[in-house]
Number of protein chains: 2
Amino acid sequence: MVRKPATLKDVAALANVSRATAARALNSYGYVGDETAQKVQAAAEKLGYRGNRLAQALRSGQLPIVGCIVGDIQNPFFARIAHDVEVLARERGHNLVIGSSEEELAQEISLLASLRSLSIRGFIVAPTSQGNNAHLQGLIDEDVPLVLIDRVAEGVDCDSVVVDNEGGARKAVEYLIGMGHTRIGLLQDDMRIFTSRERRSGYRSALAAAAIAADDRMVAVSQSTVEHAVDATIRLFSQKSPPTALFTVDSLMTQGALLAFRSMGVSIPHDVSLIGFDDFNLATFTDPQITVVSQPVPEIGRAAARILFERLAGKDDAPQEIRFETKLIVRGSVSRRSGV
Amino acid sequence: MVRKPATLKDVAALANVSRATAARALNSYGYVGDETAQKVQAAAEKLGYRGNRLAQALRSGQLPIVGCIVGDIQNPFFARIAHDVEVLARERGHNLVIGSSEEELAQEISLLASLRSLSIRGFIVAPTSQGNNAHLQGLIDEDVPLVLIDRVAEGVDCDSVVVDNEGGARKAVEYLIGMGHTRIGLLQDDMRIFTSRERRSGYRSALAAAAIAADDRMVAVSQSTVEHAVDATIRLFSQKSPPTALFTVDSLMTQGALLAFRSMGVSIPHDVSLIGFDDFNLATFTDPQITVVSQPVPEIGRAAARILFERLAGKDDAPQEIRFETKLIVRGSVSRRSGV
DNA sequence: AGACGATGTGAGATCGATCTCACATATATT
DNA sequence: AATATATGTGAGATCGATCTCACATCGTCT
């Protein structure tokens, strides 16, 4: 049995009034007689009238939906953010559409285009961020609110919520240097990604400050998945003179490195020291526990959503750029290295 | 500068044709002169015409969006499923709206109501599943395709993709019994949740088969988060005669139990043996590695999405009920217990 | 009593895309 | 030459909700 959802027309007919009156009664605006209003309410109730948000949206030009495009929903970092955004959106009577760019610019662009044509009200995006950000600027130009998270995009003048990647990475590497390490490896993901660049830059500046020459053989690049990170770590540590310490730029890669070390029979922190960017659930389960640079993940999604809804409410001042501090959490995965 | 997106009317005006002709040219149907078509294409190009999917949807009655409502997007199990569904949806030119019921029936209902009024084409839902499933049956009645995942809902006649929870749990507990354990704890989440009930049922039947009396003091209930599981585990093991082994019903709770044991100074598997339902990334990083019952997670989302799109394409045979097998993966978190 | 405001209701336009129908031409067929 | 058939195009209806406007009907004030 396929019964089409009841329309306003059906309700009006049942209540013996015009569509206009029915609309007034249901949305309580304008003048409606008490008795009429009751009749309409009753009719709506009886038919299970729910209203067609599509039609409403077409009229008003806006759908109560916000979009969130992340790099990868499987990364717990983004999952947490998406979750927080969803909660806040729901509080404001909005739904959330989630897209995953999988770090492909083309995918980000097509996702955005497809969501834009839905008249989605605003976006929270973790941009893949390379040169061409016309698709993002296009949103701004059409006055569609956009909040960037985790990463900023060059030349796009909008709100953003990021963390101090460079400072965090520097703290991590300085700590390693302070513990006597000089051959410090970096396991990073694609250089096109903003955080990857910033974290590398922190890594480099810490090395430079300690007068340690940058060495490309100490740097491995892989996609941000556990599996790819395993391979990259194994390659990095299969060299003749491998690093004595490793800094990984996100939690999936940290986990990949851990797996790789286990499979290679390399012991932490005895053989190799490890610091990861971004804390994760199980960092304290391992033996030793993993030292990390932690970011205030719960703040990020909430801050971004808060800003987005302020913009939707009409706030129109200069773009905010929020940058949260990171914190070095020392656990047991780094050991002091004496001499070389 | 706020330029409204170009409409078909704009394109038609620029190309000096009627809206009808412009539509024909852009969607290539009906008869259109070559020259006219070119003109229209050029005009559309020039104006950056993208079309308003809302208006199209209002006309056609369908928005190319599917919805996915999970219990908690932060649970890696659901994150993985959502990811897989999103990928498949995108392949079919659909977007995905994700909602999280947070295991609240009321939230599931309101989420579904709000998405239904968007004329969303179909749903994949992990139902909170208690008695009243009218909201789900309502979808079926209106011919909106619905695929249940992870859990089935009583009295709702639709496709479903689940795993053999009872069998998996029984395997786990039988294994513990085979290793000499008799005081076997169960850390489960809310009994209203289908998987929780099924897994408990497997736990009980394994005990019964071994003639071990069920003992409520061996069972702890908590929400499915790492934090709640920590507390519940501590309570469970603070009794005078605590379990010698623990079976946890999902990966977040397994992680909570691990954290709790660590904080209590309880050593695995020496003091307590542990088996978790659902494998997780770091299960092999811990020392010892965690023995688990694994489910074919990548299959679940894909299977559900595949079925959903078949239904959307018009397939109309009897509902499928897919039930995947689980696998006991023996690692090192269970030790043999001699005597009592 | 006449006028003005408050109250209540309906007809019709609108949002943007699509589709049916009617009406043109042009070419082909007898 | 007359009739079919193919080809092109536009006017207007439609999807469902909302809003403006016009038109009632009251009551009240001078």
Side-chain angles (χ1 to χ4, degrees), chain A residues 2-41 43-44 47-65 93 114 116-121 142, chain B residues 2-41 43-44 47-65 93 114 116-121 142:
Chain A
V2 184
R3 46 178 158 91
K4 291 260 149 287
T7 71
L8 185 62
K9 201 166 142 190
D10 301 331
V11 174
L14 183 59
N16 259 312
V17 296
S18 70
R19 282 150 43 242
T21 302
R24 275 188 284 255
L26 293 172
N27 303 317
S28 32
Y29 70 93
Y31 292 108
V32 197
D34 278 358
E35 198 182 336
T36 314
Q38 307 248 332
K39 259 195 315 182
V40 174
Q41 297 286 1
L47 296 175
Y49 174 72
R50 272 194 314 273
N52 181 329
R53 280 163 82 200
L54 238 48
Q56 297 167 335
L58 175 60
R59 189 101 223 297
S60 68
Q62 313 196 304
L63 202 51
I65 294 188
S114 122
R116 257 175 104 174
S117 62
L118 279 175
S119 312
I120 278 184
R121 298 195 64 196
E142 288 189 11
Chain B
V2 186
R3 45 179 160 91
K4 292 255 150 289
T7 71
L8 185 62
K9 204 166 141 191
D10 302 330
V11 174
L14 182 58
N16 259 312
V17 296
S18 70
R19 283 151 40 244
T21 302
R24 275 187 285 254
L26 293 172
N27 302 317
S28 34
Y29 70 92
Y31 292 108
V32 198
D34 278 358
E35 199 183 337
T36 315
Q38 307 249 331
K39 260 195 314 183
V40 173
Q41 298 286 1
L47 296 175
Y49 174 73
R50 273 194 312 274
N52 181 328
R53 280 162 82 198
L54 238 48
Q56 296 167 337
L58 175 60
R59 188 101 223 297
S60 69
Q62 315 196 304
L63 203 51
I65 294 186
S114 121
R116 258 174 103 174
S117 63
L118 279 176
S119 314
I120 278 184
R121 297 195 65 197
E142 289 189 11

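The figures here come from the full heavy-atom set of this structure, side chains too, leaving out hydrogens, waters and symmetry mates.
The shortest distance between the side-chain N/O atoms of A/T21 and the OP1/OP2 oxygens of C/dG8 is not below 4.0 Å.
For the atom pair CZ (B/R19) and NZ (B/K9), the distance works out to 7.5 Å, reported to the nearest 0.5 Å. The structure places CG of B/L26 at 6.5 Å from CG of B/L8, a figure rounded to the nearest 0.5 Å. Separating the CZ atom in A/R24 from the OG atom in A/S18 is a distance of 6.0 Å, to the nearest 0.5 Å.
A rotation axis mapping the C1' atoms of four pairs onto the next four is fitted at both ends of the helix from C/dA1-D/dT30 to C/dT30-D/dA1 over five pairs, and the angle between these axes is 60° to 10 degrees.
Closest of all the heavy-atom pairs between A/I120 and A/I65 is CG2-O, 3.4 Å. When every heavy atom of A/K39 is checked against every heavy atom of A/A15, the shortest pair comes out as NZ-O, 3.4 Å.
When side chains are defined from C-beta on, A/Q56 counts as touching A/R53, because their heavy atoms get closer than 4.5 Å. For the pair A/V11/A/V17, no side-chain contact is recorded, criterion being any heavy-atom separation below 4.5 Å from C-beta on. By the 4.5 Å heavy-atom criterion applied to side chains, B/D10 and B/T7 are counted as neighbours. Residues A/N52 and B/S119 form a side-chain contact, since some pair of their non-hydrogen atoms from C-beta on lies under 4.5 Å apart.
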Could I get a table of every N or O pair under 3.5 Å where one atom is in the protein and the other is in nucleotides 3-6 of chain D?
none

Between the protein and nucleotides 15-18 of chain C, list every N/O to N/O distance that falls short of 3.5 Å.
from	atom 1	to	atom 2	distance (Å)
C/dG16	N2	B/A55	O	3.4
C/dA17	OP1	B/Y49	OH	2.8
C/dA17	OP1	B/N52	N	3.2
C/dA17	OP2	B/L8	N	2.3
C/dA17	O3'	B/Q56	NE2	3.4
C/dT18	OP1	B/Q56	NE2	3.2
C/dT18	OP2	B/N27	ND2	2.8
C/dT18	O2	B/R59	NH1	3.0
C/dT18	O4	B/R19	NH2	2.7

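Between B/E142 and A/K4, no side-chain nitrogen of the basic residue sits less than 4.0 Å from a carboxylate oxygen of the acidic one, so the salt-bridge criterion is not met.
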